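Presented below is the structure to which this report refers.
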Amino acid sequence: MYLLDYMEYHFREIEKKWQEYWANNKTFAAKNNSEKPKYYVLDMFPYPSGAGLHVGHPLGYIASDIMARYKRHKGFNVLHPMGWDSFGLPAEQYAIQTGQHPAITTKQNIARYREQMDKIGFSFDWDREIKTSDPEYYKWTQWVFIQIFNSWYNKNSNKAEKIETLIAEFEKNGNEKVNACCDEDTKSFTAAQWKSFSEKEKSDTLMQYRITYLGEAYVNWCPALGTVLANDEVKDGVSERGGHPVERKLMKQWSMRITAYAQRLLDGLDTIDWTESLKESQRYWIGRSEGTSLKFLINGSMLTIEVFTTRPDTVFGVSFVTLAPEHELVEKITSQEQKAVVDEYVTKAKNRSERERQADVNKVSGVFTGAYVEHPFTKKLIEIWVGDYVLAGYGTGAVMAVPAHDERDFKFATHFGLEKPQVITPNTEHDFATASWDEKEGKLINSDFLNGLDVKAAIKKAIEEIQNKNLGKGKINFRLRDAVFGRQRYWGEPIPIYYKDGIPQAMPENELPLILPEVDKYLPTEDGEPPLARAKDWKYKNQFDYEWTTMPGWAGSSWYFLRYMDAKNSGQLVSKALADYWGQVDLYIGGSEHATGHLLYVRFWTKFLHDMGHINVDEPAKKLINQGMIQGTSEMIYRLIDRNSNPSQKNDTISFEKDLILKTIHVPSIIKNIFISSEVAKKITSCVYKNAPIEFTKNSELDINSYTIWLNTEDKDAAFVCDGGYWYKGIFHAANNGGGNIFRTSPEVEKMSKSKYNVVSPDDICEKFGADTLRLYEMFLGPLEQSKPWNTNGITGVSGFLKKLWKLYHSPFEGGQAAGQGDVNMSDAEPTKAELKTLHKTIKKITEDIERFSFNTSVSNFMICVNELMDAKCNKRAILEPLLVLVSPYAPHITEELWNQLGHKESIAFEKFPEFNEAYLVEDNFNYPVSFNGKTRFNIELSATLSNAEIEKMILEAEQTKKFLDGKQPKKVIVVPKKIVNIVV
RNA sequence: GCGGGUGUGGCGUAAUGGCAGCCGCACCAGACUUAGGAUCUGGCGCUGAAAGGCGUGGGGGUUCGAGUCCCUUCACCCGCACCA
């Protein structure tokens, strides 16, 4: 036993040793000055939750770490940092419940995450660690806010500019010539008027132009959380975190004019290598549509209703106009007779929660206002309706309804019996009685000057006419809304604004950070003000109230990739030199759930900072990969609901059919709680199931004893029915008609979560198999992007591979001798041709695999390589040293140890990655598969140097060929050198 | 409904248009062992005694040759959803 000890692979000691070595030597600290080319690989910012990491979290981190380590071997100066998105709702909710300051729980959670990450052996540069809740960090988040506050978007230069340039223009020319992204209701004024404005008026006017502004907007208000939420934080009408109902509410809020960047956010997508689905999500979210505005004069009034339409070609098919319930004209135009119904409808529609509204998408509702507009071309009178299918926030909040050519208008018209004039003849059969024709194809009819044109030409012509007659103009609309930025919460960055005479003022930059004050409770005040209103004596210069809302979770993460470049700079967000050196993130890895939140905001802020000249790049990440989600495998346990309610389970028995035989198990009726093994439960109707903790099951077999101990008191007195009897208090009572005593649970794939008792922690895997095994195994599970359930069934294969790798270096193969320390056994002899071929084949594959992020196939290739070298009893240093470098990005601990044992003093981390040499793969012969009509029949070994004609000749002369030709003449012979020969008969 | 993706052994998966199923798990047989959740050897798509036949969700096409390309259809997963 002792003699064999050198063969043992003691991963616990090895991993601890090298993790300490890397930390003590700062092995992975990125250099800010380097001759080497740079490579920046970043993981999406984790939020340190109280639950700790589960095995799904490291998947992306392992992939990015492999990339980081690989690039170091390839001679790059690698930036691979990690930090914490540490402001956020969960810590605050916990604080509200327990009174514990969120800073304390956050600190504990970060420590736990850090500890877990350290065990996996990531090559992060921890000197650059950042936390968004750290004043040293959020000072710069506040600084960016002030930059955005002090900017306006100039459509002429198509970028953000300093607000001073706008003020100068106002002083010179008023706003007549200003072409800016600003509020819709901005009034025009002259230079003289501007100069006569009061402070307040000037502030209010500028507010309509600032890129972050205080404005009234419909927001997603979540009463349960007591805060507003961004659109991407609302899913199916409820809050993404916690699932609380959300309603629309008009509130004064700090917002970000992200809509100014809509077109650039759209265009930028074509310049970055992100997944198509992610780009599509963003394109859809931005939602660009080209169309025209069109004014309808309200009959008997000077007012007009402006609509936005992408189908001006259908203007002669308009049969009514619909306003959103929130539309400001509704109140003004409603007739006396209709007032009561309209008021009722509007009130009801406004009060409906987002969820109700979404649930009723297919229910048609609306009311007639009693008012009419004139058709702009025919002058015919058209009814004005109110309908909640028209959204207040999109376009103008009003539509011209063309029931024959718009599905939604069709439904509305059908429901209320309104006319559906057809103006397009489709190019295929279509029944206008049952559905609208929405396709942009066909010929125009009944449309005056548009008659005979096809749709595309008609759209063009209609816009021309509308513009000629001054009825409206061509316009591009975006679905993207400005992002609400203020949160009525405590645990976030304070917004660096104070109010002087009701006028919001940005704090001077040199007074930042504005520290988050202490409060007595993390709840709103009695008056409904945000928690920060509770802070005692918290006033700017002791006299001016600060802004009481805080920034949303996405503020800190919208620019963090820049801070890692220069994490300790106290004078600047990032120095220009370092921002230029590190540039873009080369590889960004994270979950697809950030598609329309973080990933849109970070692009927005990056473009803004670029406009202001702080950085040179205008997209944060060149390449982005979404790692798949690792789901959990839950184990469900069945329980009999009420044994007396089911006729078949009476008289102390449980009966079910198995293999066509009715089986009966007697369980005394004194036992009330009965669990049923899954295969039995499936044959009984009266069962419910719940999650059993997975640690009590193995291959879906339940450890009844451990589970019983874990159960609460009442359930401890339970019977566990198997198909051959039942367990009760540790004793098995066999039924007399055979069957087994194994109690099974039923596996089910679902999200990994504490409440489902299916969480697997990486710590457990590291403890049992080691970090290198965890790393390899997570990669081995399948392609990185694919979602998959966690399942440890295959882990022994990977752990066996590492043992075998270890053994390869320690086996006393012939010709070897002790080398370096440990018991490695090496030979300096020339490697054989076969050994070199194995090595170079592997170099080629691994290089290709990493370059295309195919980490799962690498693991297979390592296995093949080690199997071959083991069979060859290879102990050549010239083979085994490069092999370690190949494996080291994947399994860094074992390779460091072996590298060290081979006598090297330095870490393996910066060893040159082996170069592939084609020469070693060249073979003298090739074993040609010979196929007939595409079907392989036999193989024949031929010299690799033969010409196609020679190959064809030799194949046709071969004995087997004659057999398969069976006397027939070959029509054609296809020879693909070193691939295949195909004979067509 | 729209958008994106995935369908290959018992399972996870692999295959620049060129011998489908590499590698691993599970399983079967054997060796070494007091023992095996250790290690090693061999087998393992389905069917068939064998020769062979059949096989990448279904149907069609391009090609000497298709898991791979094209069309069509079905199923499942993810995202979005009254955006005029």
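Chain identifiers are assigned alphabetically (A, B, ...) following the order of the sequence lines, protein sequences preceding nucleic acid strands; residue numbering begins at 1 within each chain. Hydrogens, waters and symmetry mates play no part in the numbers below; they use all other heavy atoms, side chains included. These numbers were taken from a predicted model, which means no experiment stands behind them.
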Inset, instruction - Kindly write out the residues that satisfy side-chain hydrogen bond (donor to acceptor under 3.5 Å, both in side chains) with Gln282(A), not counting sequence neighbours, or none if the list is empty. - result: Arg603(A)

Inset, instruction - Mind checking Lys768(A) for me? I need base, sugar-phosphate or nothing, with any heavy atom below 4.0 Å counting as a touch. - result: base

Legend entry - Residues forming a side-chain contact (heavy atoms from CB on, under 4.5 Å) with Ala413(A), sequence neighbours excluded: Phe320(A), Pro403(A), Leu418(A), Lys420(A)

Legend entry - Within the 6.0 Å centroid threshold, strictly below: Tyr9(A) and His810(A): no

Inset, instruction - Report the glycosidic orientation of G4(B): syn if within 90° of 0, anti in every other case. - result: anti

Legend entry - Nucleotide G79(B), atom P - distance to CD of Glu276(A) in whole Å: 18 Å

Inset, instruction - Taking atom C1' in both U6(B) and U56(B), compute the distance separating them and give it to the nearest angstrom. - result: 13 Å

Inset, instruction - If the plane angle is over 60° it's perpendicular, under 30° parallel, otherwise tilted; pick one for Tyr928(A) and Phe926(A). - result: perpendicular

Inset, instruction - Grab the CG-P distance between Leu599(A) and G4(B) for me, whole Å please. - result: 19 Å

Legend entry - Spacing of the C1' atoms in C82(B) and C77(B) (rounded, Å): 25 Å

Inset, instruction - Taking side-chain hydrogen bond (donor to acceptor under 3.5 Å, both in side chains) as the test, write out the residues that go with Ser753(A), two or more places apart. - result: Ser755(A)

Legend entry - Atom C1', compared across C74(B) and G60(B): separation rounded to whole Å: 15 Å

Inset, instruction - Encode nucleotides 51-70 of chain B as B, S and - characters from 5' to 3', where the letter depends on protein heavy atoms closer than 4.0 Å: B to the base, S only to sugar-phosphate, - to neither. - result: --SS---------BS-----

Inset, instruction - Would you please indicate if the ring centroids of His405(A) and Trp437(A) are separated by under 6.0 Å? - result: no

Inset, instruction - Scan Glu593(A) against the nucleic acid and name what it touches under 4.0 Å (heavy atoms): base, sugar-phosphate only, or nothing. - result: nothing

Legend entry - Touch class at under 4.0 angstrom, heavy-atom based, for Leu391(A) against every strand present: base

Inset, instruction - Can you tell me, in whole Å, how much space there is between the P of G55(B) and that of C23(B)? - result: 25 Å

Legend entry - Which residues share a side-chain contact (heavy atoms from CB on, under 4.5 Å) with Ala958(A), sequence neighbours left out: Ile940(A), Gln960(A), Thr961(A)

Legend entry - Gap in Å between the two C1' atoms, one belonging to C54(B) and one to G21(B), rounded: 15 Å

Legend entry - Contact residues, residues 282-296 of chain A to RNA chain B [heavy atom, < 4.0 Å]: Tyr284(A), Ser289(A)

Inset, instruction - Specify the separation, in whole Å, of atom NZ of Lys475(A) and atom P of A84(B). - result: 13 Å

Legend entry - Partners passing side-chain contact (heavy atoms from CB on, under 4.5 Å) against Arg288(A) (at least two apart in sequence or in another chain): Gln263(A), Leu266(A), Glu290(A), Ile476(A), Phe478(A)

Legend entry - Residue pairs involving residues 306-317 of chain A (criterion side chain to side chain donor-acceptor pair (under 3.5 Å); sequence neighbours excluded): Arg311(A)-Asp313(A)

Inset, instruction - Using the P atom on both, measure A84(B) against A75(B) and round to a whole Å. - result: 29 Å

Legend entry - Residue list, side-chain hydrogen bond (donor to acceptor under 3.5 Å, both in side chains) with Asn939(A), at least two apart or on another chain: none

Legend entry - Candidate nucleotides A38(B), A84(B), G79(B), ranked by approach to the side chain of Lys803(A) - the nearest: A38(B)

Legend entry - Protein-nucleotide distance (Phe412(A), atom CZ; C82(B), atom P), rounded to Å: 16 Å

Inset, instruction - Using the C1' atom on both, measure C19(B) against G10(B) and round to a whole Å. - result: 25 Å

Legend entry - Contacts of Ile843(A) that satisfy side-chain contact (heavy atoms from CB on, under 4.5 Å) - sequence neighbours left out: Leu839(A), His840(A), Thr847(A), Leu886(A), Pro914(A), Phe916(A)

Inset, instruction - Check for a donor-acceptor pair, side chain of Arg775(A) on one end and backbone N or O of Tyr890(A) on the other, with a separation under 3.5 Å. - result: yes

Inset, instruction - List in chain and number order the residues that pass side-chain hydrogen bond (donor to acceptor under 3.5 Å, both in side chains) with Asp703(A), two or more places apart in sequence or in another chain; answer none if no residue qualifies. - result: Ser706(A)

Inset, instruction - Verify the contact: side-chain N or O of Asn856(A) to OP1 or OP2 of G12(B), cut-off strictly under 4.0 Å; return yes or no. - result: no

Inset, instruction - Give Pro789(A) one of three labels, base, sugar-phosphate or nothing, depending on what nucleic acid heavy atoms sit under 4.0 Å from its own. - result: nothing

Inset, instruction - Assign Val859(A) to base, sugar-phosphate, or nothing according to its heavy-atom contacts below 4.0 angstrom with the strands shown. - result: nothing

Legend entry - Span that lies between the C1' atom of A20(B) and that of G7(B), in whole angstrom: 16 Å

Inset, instruction - Check the distance between C77(B)'s P and Ile630(A)'s CD1 and give it to me in whole angstrom. - result: 20 Å

Show me the protein contacts with nucleotides 24-33 of chain B, counting only N or O atoms at under 3.5 Å.
from: G24(B); atom 1: OP1; to: Asn867(A); atom 2: ND2; distance (Å): 3.2
from: C25(B); atom 1: O2'; to: Asn793(A); atom 2: O; distance (Å): 3.0

